[in-house]
Amino acid sequence: MKYFELKCLAYIKKEIELNSSFDIISSYINYCFTKDEQLKKLHEEKNFKNYCFGNFYPIEKDKLYKKGNTYEFIIRSLDEEFIYKLQRILRENVNNSFFQVLQTTKKVVKQIFISELYTITPTITTVKDENNKSIFWTVDKDGDILKLQKQLQDNLLKKYENFYNEKLKPTQNFIQLLEIKNQKPQSIYFMKKINDDKSIRVRLFGNKFKIVPNEDDISQKLAFVALSCGLGEKQSYGGGFVLSKG
């Protein structure tokens with residue numbers, strides 16, 4: 001197993017608030033899908049896209065990315081062809097009003113032993129409540145850690161099976177220890193178009209975790225998938241971007 005990473009250097013054309021940055025980067029990446037027939041087809045499919053991205057860094061203390069400054073952000077994927085196409089197309093989006101990708105650096109990362117995972121962006125997880133209604137998992141709304149762990153594992157299994165066309169049969173949950181790092185739910189915001197004249201702001205609720213994976217082969221594969229294409233849901237909006245410790 002291996003994943004492919006693009007480190008992107010971005011020049012900021014106008015001030016960007018932290019709460020808006022996920023949506024702005026997401027829209028920038030979505031532009032790329034319209035410029036290539038294979039990417040356009042992938043974008044239209046209701047299936048896992050097998051990529052994730054992190055926010056601009058470093059984060060400013062006042063949570064405002066400054067006009068005229070440069071920041072970095074990272075895109076990862078299990079799909080080398082996807083990263084290859086992005087590397088070319090990202091720099092072509094010269095008319096974007098918020099920022100311009102000046103440089104991209106590609107890196108290939110082979111599977112490594114993962115002792116810890118840390119979520120850098122909110123991990124979005126939906127579960128069913130007592131009325132069988134889908135809700136975002138939070139301590140206040142649900143609080144069932146075992147349900148959360150099962151949902152996270154099921155999602156990673158689907159991502160693995162979707163990309164590798166191979167089923168895994170775990171005998172235990174890949175998570176040995178899960179620690180919730182936030183005291184209140186973390187949020188990702190994006191604009192959703194209702195019609196040609198109207199858009200609404202949508203708020204996704206998530207959490208930041210420290211996860212210690214189990215050491216068996218399947219658990220390590222799932223931990224690597226989380227590192228490669230995100231933990232939880234809503235990766236196309238910036239959800240579940242993680243870092244690891246070996």
Side-chain angles (χ1 to χ4, degrees), residues 1-13 16 21-45 47-59 65 69-96 98-121 123 156 159-160 162-166 220-232 234-246:
M1 294 177 68
K2 55 187 173 182
Y3 70 74
F4 305 89
E5 177 180 292
L6 280 184
K7 180 179 286 188
C8 305
L9 180 66
Y11 173 79
I12 304 300
K13 296 180 179 179
I16 298 174
S21 56
F22 288 104
D23 190 34
I24 289 170
I25 296 174
S26 175
S27 297
Y28 198 104
I29 294 172
N30 285 341
Y31 165 89
C32 298
F33 285 98
T34 68
K35 298 300 177 180
D36 180 271
E37 285 304 316
Q38 282 186 310
L39 293 184
K40 187 175 181 180
K41 183 179 178 181
L42 174 66
H43 187 59
E44 292 170 351
E45 291 176 353
N47 213 334
F48 294 107
K49 306 300 188 288
N50 296 311
Y51 78 92
C52 61
F53 68 87
N55 210 342
F56 295 121
Y57 67 91
I59 297 175
Y65 297 106
N69 286 0
T70 56
Y71 302 86
E72 292 183 336
F73 69 98
I74 288 173
I75 305 171
R76 293 198 195 117
S77 179
L78 290 168
D79 188 343
E80 182 176 20
E81 184 68 15
F82 173 76
I83 289 294
Y84 173 78
K85 289 177 182 292
L86 280 191
Q87 188 173 24
R88 173 178 55 85
I89 302 173
L90 281 168
R91 288 173 291 172
E92 295 178 1
N93 190 4
V94 295
N95 295 321
N96 186 280
F98 290 99
F99 72 96
Q100 170 68 44
V101 172
L102 302 177
Q103 178 181 319
T104 57
T105 306
K106 180 182 173 184
K107 183 169 76 171
V108 181
V109 179
K110 295 182 179 180
Q111 185 179 2
I112 54 175
F113 178 82
I114 296 172
S115 62
E116 295 175 359
L117 290 172
Y118 300 89
T119 56
I120 304 302
T121 65
T123 298
L156 290 172
K159 289 173 179 171
Y160 180 93
N162 172 258
F163 185 78
Y164 291 105
N165 197 28
E166 173 191 14
Q220 285 294 310
K221 283 183 177 180
L222 294 179
F224 191 74
V225 171
L227 189 62
S228 307
C229 52
L231 182 69
K234 307 296 184 183
Q235 270 70 59
S236 62
Y237 296 110
F241 186 82
V242 301
L243 297 180
S244 68
K245 182 178 178 181

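Please read all numbers here as calculations on a predicted model, not as lab measurements.
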Undergrad: Would you say Tyr164 and Leu78 make side-chain contact, with heavy atoms under 4.5 Å?
TA: yes

Undergrad: Is there a donor-acceptor contact under 3.5 Å from the side chain of Thr121 to the main chain of Gly238?
TA: yes

Undergrad: Between atom NZ of Lys35 and atom CG of Leu86, what is the distance when rounded to the nearest 0.5 Å?
TA: 14.5 Å

Undergrad: Return each pair, listed once, that meets side chain to side chain donor-acceptor pair (under 3.5 Å) where at least one residue sits in residues 234-245; pairs must be two or more places apart or across chains.
TA: Lys159-Gln235

Undergrad: Could you tell me if the side chain of Gln100 sits less than 4.5 Å from the side chain of Leu102, heavy atoms only?
TA: yes

Undergrad: Sequence neighbours left out, what passes side chain to side chain contact (heavy atoms under 4.5 Å, CB included) with Thr119? Give chain and number order.
TA: Thr123, Lys208, Phe209, Leu231, Val242

Undergrad: Which side chain to side chain donor-acceptor pair (under 3.5 Å) pairs, counting each pair once, include a residue from residues 104-114, with sequence neighbours left out?
TA: Glu80-Lys106

Undergrad: Just do the ring pair (Phe, Tyr, Trp, His ring centres under 6.0 Å) check on Phe82 and Phe4 with the steps written out, would you?
TA: CA-CA 9 Å; Phe82 173 76; Phe4 305 89; over 10 Å; no

Undergrad: Between Leu6 and Phe53, is any pair of side-chain heavy atoms under 4.5 Å apart?
TA: no

Undergrad: Would you please name every residue forming a side chain to side chain contact (heavy atoms under 4.5 Å, CB included) with Asp23, sequence neighbours left out?
TA: Ser27, Phe190, Met191

Undergrad: Is there side-chain contact between Met1 and Phe163, with at least one heavy-atom pair below 4.5 Å?
TA: no

Undergrad: Answer yes or no: is there a side-chain heavy-atom contact under 4.5 Å between Asn93 and Cys32?
TA: no

Undergrad: Grab the two heavy atoms, one from Glu5 and one from Ile74, that are nearest each other, plus how far apart they are.
TA: CG-CG2, 3.5 Å

Undergrad: How long is the gap from OH on Tyr31 to CG on Leu39, to the nearest 0.5 Å?
TA: 12.5 Å

Undergrad: Any idea which heavy atoms bring Leu243 and Arg76 closest together, and the distance?
TA: CD2-NH2, 3.5 Å

Undergrad: For Ser21 versus Asn55, what's the shortest heavy-atom pair and its separation?
TA: OG-ND2, 2.9 Å

Undergrad: When rounded to the nearest 0.5 angstrom, what distance separates OH in Tyr3 from CG in Asp79?
TA: 15.5 Å

Undergrad: When rounded to the nearest 0.5 angstrom, what distance separates CG in Asn50 from CD1 in Ile83?
TA: 11.0 Å

Undergrad: Does Ile12 reach the side chain of Ile16, with side-chain heavy atoms less than 4.5 Å apart?
TA: yes

Undergrad: Would you call the rings of Phe33 and Tyr51 parallel, tilted or perpendicular, where under 30° means parallel and over 60° means perpendicular?
TA: tilted

Undergrad: Would the distance check show the side chain of Lys13 and the main-chain N or O of Asn96 forming a donor-acceptor pair, the cut-off being under 3.5 Å?
TA: yes

Undergrad: Counting only heavy atoms not in Tyr84, do more than 12 fall under 6.0 Å of its OH?
TA: no

Undergrad: Can any side-chain N or O of Thr70 pair as donor or acceptor with the backbone N or O of Tyr11 at less than 3.5 Å?
TA: no

Undergrad: Suppose we screen for ring-ring contact (aromatic ring centres under 6.0 Å, His included). Which residues come up paired with Phe22, at least two apart in sequence or across chains?
TA: none

Undergrad: Heavy-atom distance under 4.5 Å between the side chains of Leu227 and Val109, does that happen here?
TA: no

Undergrad: Going by ring-ring contact (aromatic ring centres under 6.0 Å, His included), name the residues that satisfy it together with Tyr71, two or more places apart in sequence or in a different chain.
TA: Tyr65

Undergrad: Aromatic rings Phe99 and Tyr28: how do their planes relate, parallel, tilted or perpendicular, breaks at 30° and 60°?
TA: parallel

